[in-house]
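The structure appears below as structure tokens.
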Amino acid sequence: MNNSFLNKSKLTIALSTILLITSCALKPITSEYNFITTDLEKVELGNGKILIYNGANNLHKIDNTARLNIWIDNKPLGQIRPSEYVIINLKKGQYQFKALHLDVVNMKSLHDVDIDEKTKIIKIKPNVTSNKLEITNELPKNFEKFKYAEKR
């Protein structure tokens with residue numbers, strides 16, 4: 001009887017662990033933007049064509065907390081998963097980016113971004129307490145491993 005109790009306890013702990021890990025999956029939002037779907041080599045970035053990518057590190061990738069839902073001026077861009085990117089058109093001006101990832105609780109952040117003709121590449125990534133946005137204008141070192149995000 002004691003052995004049966006241990007087996008049930010192990011099963012309960014295993015199922016609870018699996019539930020905890022998979023519960024951090026953020027539900028995707030539908031994009032209201034038109035993605036520019038083309039080979040990156042054929043697109044000249046800048047002058048309104050902006051590449052936005054999820055630069056999540058491995059710590060966020062392993063526990064499924066790296067998915068980012070993104071809004072630009074309250075208009076949904078959609079969900080960008082780790083090592084994914086999108087290319088969109090944004091006119092010159094000031095924009096407010098809102099990023100959300102789920103890590104036990106919702107981690108939201110707001111970022112004011114100035115887009116000009118020189119803006120090409122924006123990196124957004126989740127961190128422990130919020131999200132970080134940076135205009136890098138440089139592709140990440142391992143960009144060949146990235147893929148274009150699907151509209152979900």
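Here the structure is a predicted model, which means the values were calculated and not measured.
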Within this structure, what is the [atom1]-[atom2] distance for the pair [X] and [Y], rounded to the nearest 0.5 Å?
{"X": "Leu26", "Y": "Met107", "atom1": "CG", "atom2": "CE", "value": "12.5 Å"}
{"X": "Leu100", "Y": "Lys108", "atom1": "CG", "atom2": "NZ", "value": "6.5 Å"}
{"X": "Asn127", "Y": "Thr129", "atom1": "CG", "atom2": "OG1", "value": "4.5 Å"}
{"X": "Ile50", "Y": "Ile88", "atom1": "CD1", "atom2": "CD1", "value": "7.5 Å"}
{"X": "Lys91", "Y": "Ile115", "atom1": "NZ", "atom2": "CD1", "value": "14.0 Å"}
{"X": "Asn131", "Y": "Phe97", "atom1": "CG", "atom2": "CZ", "value": "13.0 Å"}

Provide the closest heavy-atom pair for [X] versus [Y] in the form atom of the first, atom of the second, distance.
{"X": "Ala66", "Y": "Pro82", "value": "CB-CG, 3.6 Å"}
{"X": "Tyr33", "Y": "Pro76", "value": "CD1-O, 3.4 Å"}
{"X": "Asn54", "Y": "Pro126", "value": "OD1-CD, 3.8 Å"}
{"X": "His101", "Y": "Arg67", "value": "CB-O, 3.3 Å"}

Inset, instruction - Might you work through the side-chain contact (heavy atoms from CB on, under 4.5 Å) test for Lys49 and Asn89, ending with a clear yes or no? - result: CA-CA 5 Å; Lys49 288 190 173 107; Asn89 284 313; 3.3 Å; yes
Inspect the surroundings of [atom1] in [X] and state if more than 12 heavy atoms from other residues, nucleotides or ligands are less than 6.0 Å away.
{"X": "Asn106", "atom1": "CG", "result": "yes"}
{"X": "Glu44", "atom1": "CD", "result": "no"}
{"X": "Gln94", "atom1": "CD", "result": "yes"}

Legend entry - Heavy-atom side-chain proximity of Ile87 to Leu45 below 4.5 angstrom: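 Yes; the side chains approach each other to less than 4.5 Å.
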Legend entry - Min side-chain heavy-atom separation Ile29-Trp71 under 4.5 Å: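 Yes; the side chains approach each other to less than 4.5 Å.
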Legend entry - Stepwise side-chain contact (heavy atoms from CB on, under 4.5 Å) test for Leu139 and Leu51: CA-CA 9 Å; Leu139 294 173; Leu51 183 143; 4.3 Å; yes
Inset, instruction - Report yes or no: do Tyr148 and Ile122 belong to one cluster of Ile/Leu/Val/Met/Phe/Trp/Tyr joined by side chain heavy-atom distances under 4.5 Å? - result: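 Yes: a chain of side-chain contacts under 4.5 Å links Tyr148 to Ile122.
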Inset, instruction - Could you list all the salt bridge (Lys or Arg N to Asp or Glu O under 4.0 Å) pairs where at least one residue sits in residues 112-125, not counting sequence neighbours? - result: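 Found Lys92-Glu117, Lys123-Glu134.
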Legend entry - Passing candidate, side chain to side chain contact (heavy atoms under 4.5 Å, CB included) with Ile124, options Leu77, Leu68, Ile80: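 Of all the options given, the one that passes is Leu68.
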Inset, instruction - Have a look at Glu84 and tell me which of Lys147, Glu150, Gln79 forms a side chain to side chain contact (heavy atoms under 4.5 Å, CB included) with it. - result: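 Only one option passes, and that is Lys147.
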Inset, instruction - For the pair Tyr85 and Phe143, name the ring-plane relationship: parallel under 30°, tilted 30 to 60°, perpendicular over 60°. - result: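 Tyr85 vs Phe143 ring planes: tilted.
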